[in-house]
Amino acid sequence: MSTPLSGPGSATQAPGRGPGGSRPPRSRATRDHAPITLTGVAGKVLLLGLTAGIAVWAAFPLIDGEKWAGLALLAATTAALFYLYLTRRHIPAKYLVPGTLFLIAFQVFPVLYTASTAFTNFGDGHRGGKDEAIVAIQTSSVTQVPGSAEYALSIATKGDPATGPLVFLVTDPTTGTVSAGDTGGLRQLDAADVTVAPGGKVTAADGYTVLNFGQASARSKEITDLVVPTAGGALRSSGLSRAYEGKAVRAYEAGCDCVRDTETGQTWTADEELGAFVAADGERLAQGWKVNVGLSNFTRVLTDKNISGPFLGTLIWNIAFAVASTGGTFLLGMLIALVLHSPRMRGTHLYRVLLVLPYAMPSFAMLLAWRDMFNADFGLINNLLGLDVDWFGQPWTARFAVILVQLWLGYPYMFLVATGALQAIPRELTEATSVDGASPWQSFRAVTLPLLLVALSPLLISSFAYNFNNFNAIYLTTEGAPFPADNPTNGATDLLITYTYRLAFGGQGAQFGFAAAISLFIFAIVAVVSAVSFRRTRKQEEVYS
Amino acid sequence: MRIRTAGVVALFALALAASGCGRDSDEPAAKESPKAAGGKLVIWADDKRTAALKPFAEKFGQENGVTVEVQAVSKDLQTNFVTASQQGSGPDVVVGAHDWIGNLVQNGAIDPVQLAAEQKSAFNETAIKAVTFNGQLYGVPYAQENLALIRNTELAPEAPKTIEDLVATGKQLKTAKKATETLCLQVGQNGDAYHIYPLYTSAGGYLFGTGANGDYDPKDLGVGKPASIEAFKKIGALGEKGEGVLKRSIADTNSIATFTSKKCAYLVSGPWAVADVKKANIKYDISAIPGFAGGKEAQPFVGVQAFYVATKGKNKALAQEFVANYTTTPELAVALYNAEPRPPALTAALDQVKGSDPDLAKFQEAGKNGQVLPAIPAMAAIWDPFGKAEAAVIGGADPTSTITAAGKTISGQIK
């Protein structure tokens with residue numbers, strides 16, 4: 001069976017045979033019981049073909065970037081997948097592997113990537129490597145030599161337009177003389193050999209092929225890299241039709257590991273801890289690079305007074321917000337579900353449709369609409385109720401308002417899941433309690449609620465975790481307001497996530513490394529809360545099931 | 001059995017070959033054939049500008065035998081551009097506001113553009129100043145915009161000379177029940193530094209001092225200095241606990257709408273508001289934002305939209321050609337004006353459209369004394385704390401402690 005399986009599968013399969021020696025009877029049995037169907041084969045071919053296609057597609061950039069470790073991993077994963085689905089063994093693995101792969105790709109990898117970013121200074125001004133920073137510094141310092149001329153430019157070659165070495169044909173605007181320039185410098189051409197268009201551009205020259213825009217732009221990189229040395233600096237292209245005499249004022253010197261300004265003589269020395277070139281007086285060049293900063297992002301969270309000071313208050317409000325949002329929506333949703341679950345209720349279908357409506361509307365738009373409704377002077381709520389409350393201007397009204405909005409947005413979901421769970425509870429149970437003489441409240445407390453909670457606890461926990469980090473709920477309504485007059489960084493309705501977003505991205509450019517460190521802290525808090533709740537739930541399930 | 005497995009393998013091999021070859025055959029074809037070869041220019045812009053750019057980009061492509069693709073990035077263009085360029089998947093040219101320059105330069109995302117002296121002189125001087133950063137020209141401007149005072153001429157026929165004038169007229173209108181608000185100047189719950197800036201400068205405040213070369217100096221921060229506190233005392237006097245002219249309930253979402261529903265006679269806004277005002281059939285006029293009596297001039301920020309050459313574009317020479325030699329033509333500037341009426345930065349283009357649109361000249365007049373919006377990365381640290389301090393002072397907080405705290409927060413964030 002394995003003979004036609006040439007390629008990646010067979011190699012890995014051979015060693016697998018040895019230990020599997022004891023299994024043949026079982027695998028034969030499965031073979032007998034699982035007939036091969038046409039759809040099965042077609043599906044397999046399609047999916048494996050897709051896998052191979054994706055692998056090939058992913059391989060090209062890896063080869064281009066010479067990332068051999070990544071390529072090896074890709075090849076090994078693909079080979080393993082083919083082996084797994086072409087062999088008849090390892091039935092459980094066939095079911096587990098796709099889920100595991102997605103788990104790694106979408107959960108484990110992002111967490112690890114965030115964790116690794118937390119140890120760097122990755123952010124605006126520190127995105128790439130040192131080489132890129134040096135190139136950026138040098139290119140951005142190229143200035144036109146004062147008083148130098150602007151030349152009309154044509155790109156030409158002596159050889160084939162696609163491959164021949166490039167030459168700049170430039171026309172001096174004052175004298176009208178045409179010169180050919182390459183890395184060796186400028187050579188003047190005989191006026192009789194060239195045809196010059198009115199604008200000064202050379203259209204033909206003896207011995208040269210003048211490239212049209214299409215041909216030239218195909219060799220864009222060579223053109224921008226071509227620098228023709230001149231007495232005052234160097235001739236560079238500015239696009240495809242003009243050249244100027246420019247000079248890179250700043251240059252990197254490997255000897256001192258510094259950038260030197262050739263005009264002022266000032267130097268900026270590379271600081272590998274900051275990932276920037278720093279002058280003696282502490283001035284930094286804007287273009288820096290990404291470096292490992294160890295634990296400094298974490299220590300900043302703990303030691304910076306701006307961050308650790310309001311941290312506790314924000315955490316308490318954050319927990320209160322998550323509990324109130326989850327608890328409030330659950331209570332309201334469950335109450336409505338109970339009401340509509342009553343057999344005496346009429347028109348339940350209509351009510352259900354109406355109640356689910358808020359859930360069907362995009363929450364983004366709804367949050368913005370609610371924000372406008374809470375406007376103190378023009379908002380619907382104050383105008384309708386004749387109130388004069390500055391809703392988002394005072395801490396407690398603002399907190400109340402955001403929870404109210406959450407309640408409105410969230411209860412349909414709780415209503416839906418509670419309805420589902422209620423329908424799964426056999427009516428005999430509640431009927432039995434009423435036969436035993438229990439009041440409706442007692443029967444609800446003793447039978448319905450515990451059974452509901454068994455089904456809904458995991459959902460409540462996930463809803464809590466979601467609301468704990470409910471960025472949109474705050475950012476699209478109050479944006480954290482109101483802020484104390486003397487502290488614009490931490491507002492009364494700020495959640496940890498909106499607060500840290502402001503710290504990491506509100507200042508001078510994005511600080512991804514710092515943001516990653518904070519999100520690890522939040523991750524730890526949410527993980528602990530969830531783990532504790534799940535343990536409690538499990539105990540509850542043991543009691544009631 | 002064997003045949004079936006063989007069939008699976010054969011089919012799979014086919015699928016593999018097909019997926020592999022599909023790619024193999026594409027690439028060399030694009031590289032080898034010289035006619036189609038021309039290379040491709042990719043431009044990123046926001047939705048509105050994409051539509052206006054497309055015909056011109058196509059014309060540029062046809063004239064020069066290259067393919068030009070204009071791609072719309074409707075959200076977070078700047079961030080997306082920086083991230084994509086870092087990964088090498090960015091465009092060759094990007095269109096955006098000039099205050100991005102500081103951040104784009106520190107991330108090594110854009111290259112300087114070399115313009116000839118006569119090309120530069122065709123532009124409005126302020127526009128060229130806006131796209132100049134650290135002594136280098138980083139973009140080619142095509143439109144500029146600034147705030148002005150738009151007034152409902154039925155309610156307020158005369159342009160106010162001072163803020164005090166404006167407040168007096170507003171009060172009269174309120175007592176006569178012709179309007180409910182004095183001035184529609186958006187503040188919002190968390191303030192709006194851009195819209196309050198003219199009043200802040202008129203009251204004597206500044207954000208950054210300028211260095212010897214005329215560039216903004218991030219080390220000379222004006223927020224938190226005594227002058228800025230004095231300025232906010234004046235702004236606070238117009239606030240909710242004072243005259244009630246500036247209110248946090250007037251925000252970006254309702255400021256223009258309040259004006260168009262004739263609830264206020266004055267609106268502080270830019271060219272983007274004019275379309276709504278016209279639609280509401282309001283008789284309006286545009287004048288400069290007045291300053292405080294006896295104070296300095298009210299200077300609005302001047303913002304410029306520009307074309308940039310991406311450092312990591314695949315076709316930089318062509319991008320430079322497009323940006324330096326093609327976007328500097330008045331035709332393109334006029335077309336972009338028609339797509340969205342912001343005053344063109346090219347003097348020739350402005351003259352061309354001025355005749356049919358008198359508002360443009362008025363906006364430009366109102367922005368004459370304007371200050372170029374700082375493009376230095378430190379500016380990003382200003383917006384949030386400054387806006388919140390403004391909102392707090394307008395809400396009645398003590399200017400001294402509020403502005404001192406804002407100054408501290410800002411200087412703490414500037415590297």
Side-chain angles (χ1 to χ4, degrees), chain A residues 1 4-5 36 41 44-45 48-49 52-53 56-57 60 124-125 127-128 132-133 136 139-140 142-144 150 161-162 212-218 220 223-224 237-242 244 284 286-287 372 375-378 392-393 478-479 481 483 485-489 502 506-509, chain B residues 1-2 4-6 8-9 11-12 15-16 19-20 23 34 37-39 64-66 86 103 105-108 111-112 114 116 136 189-190 247-249 253-254 311 314-318 320-321 324-325 377-378 380-381 384-385 388-389 392 395 397-398 401-402 405-406 409 412-415:
Chain A
M1 187 195 115
L5 267 180
I36 293 176
V41 172
K44 203 181 225 182
V45 168
L48 285 179
V56 171
W57 170 75
F60 278 96
D124 274 337
R127 284 176 183 259
E132 291 172 72
T139 7
S140 66
V142 176
T143 48
Q144 192 169 347
E150 286 271 347
N212 64 28
F213 271 17
Q215 291 164 331
S217 71
S220 177
I223 295 169
T224 31
S237 62
S238 167
L240 299 170
S241 55
R242 280 190 310 119
Y244 68 99
R284 280 192 214 181
Q287 298 95 334
D372 292 346
N375 186 305
D377 287 332
F378 308 100
F392 291 166
T478 62
E479 289 177 58
F483 290 82
D486 55 354
N487 181 9
T489 54
R502 191 173 304 116
Q508 188 176 335
Chain B
M1 221 11 259
R2 263 170 190 277
R4 277 196 182 129
T5 319
V8 170
V9 171
L11 265 171
F12 146 66
L16 176 74
S19 60
R23 191 179 164 94
N64 300 308
V66 291
Q86 185 63 38
N103 189 35
V105 168
Q106 74 172 346
N107 285 315
D111 270 6
Q114 304 293 338
Q136 286 278 33
Q189 208 50 245
N190 293 322
K247 287 173 158 186
R248 285 171 296 169
S249 58
T253 47
N254 58 13
T311 303
K314 294 186 181 67
N315 209 337
K316 210 147 74 173
L318 191 61
Q320 285 171 345
E321 180 67 29
N325 301 335
D384 196 58
K388 279 169 185 158
D398 170 45
S401 60
T402 309
T409 309
Q413 278 171 346
I414 294 173
K415 283 180 229 167

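Throughout, a chain's letter reflects where its sequence line sits, starting with A, and its residues are numbered from 1.
Looking at A/T489, only its side chain comes within 4.5 Å of chain B, counting heavy atoms on both sides. For chain A, the nearby part of B/K247 is the side chain; its heavy atoms alone come within less than 4.5 Å. Only the side chain of B/N254 comes within contact range of chain A, with heavy atoms under 4.5 Å apart. For chain B, the nearby parts of A/A481 are the backbone and the side chain; heavy atoms of each come within less than 4.5 Å. For A/L240, the parts lying under 4.5 angstrom from a heavy atom of chain B are both the backbone and the side chain.
Rounding to the nearest 0.5 angstrom, the gap separating the CG atom in B/N315 from the OG1 atom in A/T224 is 8.5 Å.
A donor-acceptor pair is defined here as one N or O able to donate and one able to accept, closer than 3.5 Å; no such pair exists between the side chain of A/E132 and the backbone of B/N107. The backbone N or O of A/F392 lies less than 3.5 Å from no partner atom in the side chain of B/R248, so there is not a single donor-acceptor pair. A/S238 places a side-chain N or O within 3.5 Å of a backbone atom of B/Q114 that can act as its donor or acceptor partner. No side-chain donor-acceptor contact under 3.5 Å links A/Q287 to the backbone of B/G108. Looking only at distances, a side-chain donor or acceptor of B/Q320 sits under 3.5 Å from a matching main-chain atom of A/G239. At least one donor-acceptor pair closer than 3.5 Å links the side chain of A/S220 to the backbone N or O of B/A317.
Take A/F483 and apply the ring-ring contact (aromatic ring centres under 6.0 Å, His included) test, not counting sequence neighbours, and it matches no residue.
When B/T311, B/N325, B/D111 are compared by the number of non-hydrogen pairs under 4.5 Å with chain A, B/N325 comes out ahead. Interface check for chain A: of the options B/P112, B/A116, B/A324, B/A389, the most heavy-atom pairs under 4.5 Å are formed by B/A116. Most heavy-atom pairs under 4.5 Å with chain B, from the set A/A136, A/S140, A/S237, A/A376: that is A/S140. Contact count against chain B (heavy-atom pairs under 4.5 Å) is highest for A/R242 among A/Q144, A/E150, A/R242, A/E479. Among A/D372, A/N212, A/N487, the residue with the largest count of heavy-atom pairs under 4.5 Å with chain B is A/D372.
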Practice prompt. Would you check, one step at a time, whether the test side chain to side chain contact (heavy atoms under 4.5 Å, CB included) holds for B/Q189 with A/T478?
Written response: CA-CA 7 Å; B/Q189 208 50 245; A/T478 62; 6.0 Å; no
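Smallest separation of non-hydrogen atoms from A/P488 and B/A406: CG-CA, 4.5 Å. Considering every non-hydrogen atom in both A/F213 and B/V66, the closest pair reads O-CG1, 4.2 Å.
In summary, the side chains of B/E321 and A/S241 do present a donor paired with an acceptor at a separation below 3.5 Å, with no hydrogens or angles considered.
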